[in-house]
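Sharing a structure here in structure tokens format.
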Amino acid sequence: MRLLILLLFSFQVSVSFKILIYNSKFGHSHSNFLGSVADILVDAGHNVTSLIPVIDAHGKDGTVKSNKIYVDLGEKIQKAHDDSIGEHKMFFYTPYFDPIGTYMGGQAMAEMFESACRETLKNDELIERLREEKYDVMMAESFDMCGMGLSHLIKPKSYIALLSMSVFGPLYDEFGVPPALSYQPSSYMLNFDPHSMIDRVKNIVSESLIRGFFSPGRSKLEGLFREKYGHEFPGFKKLSSNVAYVFANNEPLLDFGGPTMSRVIPIGGLGAKAPKKLDEYWEKVMTTRSKVVLISFGSIAPSESLADEKKEAILKTVAAYTSMTFIWKYENPDDQFAIAAKKVHPNLILSKWTPQNDLLNHPNMAAFISHGGMGSCMEVAQRAVPALFIPLFGDQPKNAWAMEYHGLGKVISKFDLPYADKLITNLREIIENKRYRENAKAISKKLTHKPFSSRELVIKYTEFAAEFGPSQALRPQSCDMSFIEYYNLDIIAVSVIITLFVVVFITHLVVMIFKRIFRKTSTKEKRS
Ligand SMILES: *[C@@H]1O[C@H](CO)[C@@H](O)[C@H](O)[C@H]1NC(C)=O
């Protein structure tokens, strides 16, 4: 009996670690991802605190279970954020490859993060308090770099870098992951053939644009930390090189094979929720006709701001399939366009909000027209619904291309949106060709049978980092190497010089020998 009690007791005692997650509220998908990590760690029994500098007061925290410390940043930063949101309709028409837009966007984002970070750093008392907490693990996304900078002041035992997407752009260098630009498509690529020279050139240009987008943010914030804490601030490259782990929000089974590192842990699909039963209203919507198509461009680019010709093309598609119901996530279902459209098209439902994941799980869901956000791509794969992707910006083109590459759907350019015939024929293809549904089902099955779930990976690796700190063995020495050493340029240079010497020497020798032979024969000739 006593033994039994002792056993029970020892099973219940598990170590609870103290974890701090820096989650600045600036974008829905970012907060959601960081919040999911926080809540999973709370469920695993840890004491998790989210440090939330409020860049956008209207956004969600993403976490419901962790302790929260809000940092009020004031009106000015909210305005900087809202100004950038006001222009989000531009995502429907800016080119995928847009050097000027990328540069300006990168600058605007850098300024927003810098002023937010400057406000946050004014809270000396808070920072001191957080240092005294002696956190086992601190986490922040390598996007708003203020969190990583703060980790230098707070000094947790381990730091884990989070990424709400896969490793890209400047992160390759920061974490020491070698990029494979000749065969791994970069974020802006809508399609990619590694055997095409033009595609490889485009891929390199795309990657350079992305690096350009992130570099102002990094240099501005690094400048801020140096200004406040002196030149001993190590810089983000150094800090990144010492992370214990990187948790990246990508799913290798939906990605392109390529080089990675043992400390980069892919935890895609983390925020995915188990589908729930639909309420009466949505159940009725789903069963009025035998097939349903869901249209959503995500939470950033508002459908209501689409140009009229594009809205008309979508309505023509709706009119071409009167036997199917179309649900369109539309922000303002009472505007003039919406009222007129609903009158003419009885098979169209316009809704400000939809239970997307639950709708995709319904057997009548025939296809999804999506912008290709990471979350939506995961839901498409998990719920096994064929999709037509119309990517808008960021990593959406590449996500969408990966889905087409794996046979889960098709991609069309956002510049084809005004052409209804393109929408109609591609939609017909993914609904009528059984191949898409079958592929989707096969991948969905693989995802549910993965050897380790993303949830398990997050918990185990966080606990390991909390217990043991960062491991030198996982840190590639390339982080300390110069460009010349890394690419063996010194060896190449020495080899070239030696080869040149040898060639010159041999040429010289051959010339000398020839001259001698020639001289001998010519003197012989003279004699004879
Ligand atoms: C979590 O940590 C905070 C800060 O150290 C502490 O005040 C709080 O009591 C802890 N909560 C639990 C449930 O241990």
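As the structure lists them, so they are numbered: ligands from 1, and atoms in each ligand from 1.
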Only distances under 3.5 Å count here; give the side-chain donor-acceptor pairs of residues 146-153 to other protein atoms, sequence neighbours excluded, each with its distance to 0.1 Å.
unit_1, atom_1, unit_2, atom_2, d
S151, OG, M148, O, 2.6

Output yes when R455 and D39 qualify as a salt bridge under the 4.0 Å nitrogen-oxygen rule, no when they do not.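 Answer for the salt bridge query: no.
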For L278 and M286, what are the C-alpha separation, side-chain angles and deciding distance, and is it a side chain to side chain contact (heavy atoms under 4.5 Å, CB included)? CA-CA 9 Å; L278 292 167; M286 289 304 295; 3.7 Å; yes
Are F297 and F92 an aromatic pair, judged by ring center distance below 6.0 Å?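 Between F92 and F297, the centre distance is under 6.0 Å.
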Decide, yes or no, whether a salt bridge links K122 with E119 under the criterion of side-chain N to carboxylate O below 4.0 Å.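 Looking at E119 together with K122, the answer is yes, because their closest N to O distance falls below 4.0 Å.
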Could you pull out the closest heavy-atom pair between P156 and V137, with the gap in Å?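 What the structure gives for the nearest pair is CB-C, 4.2 Å.
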Under a 4.0 Å heavy-atom cut-off, what residues line ligand 1?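 Those residues closer than 4.0 Å to ligand 1 by some heavy atom are K18, N47, E133.
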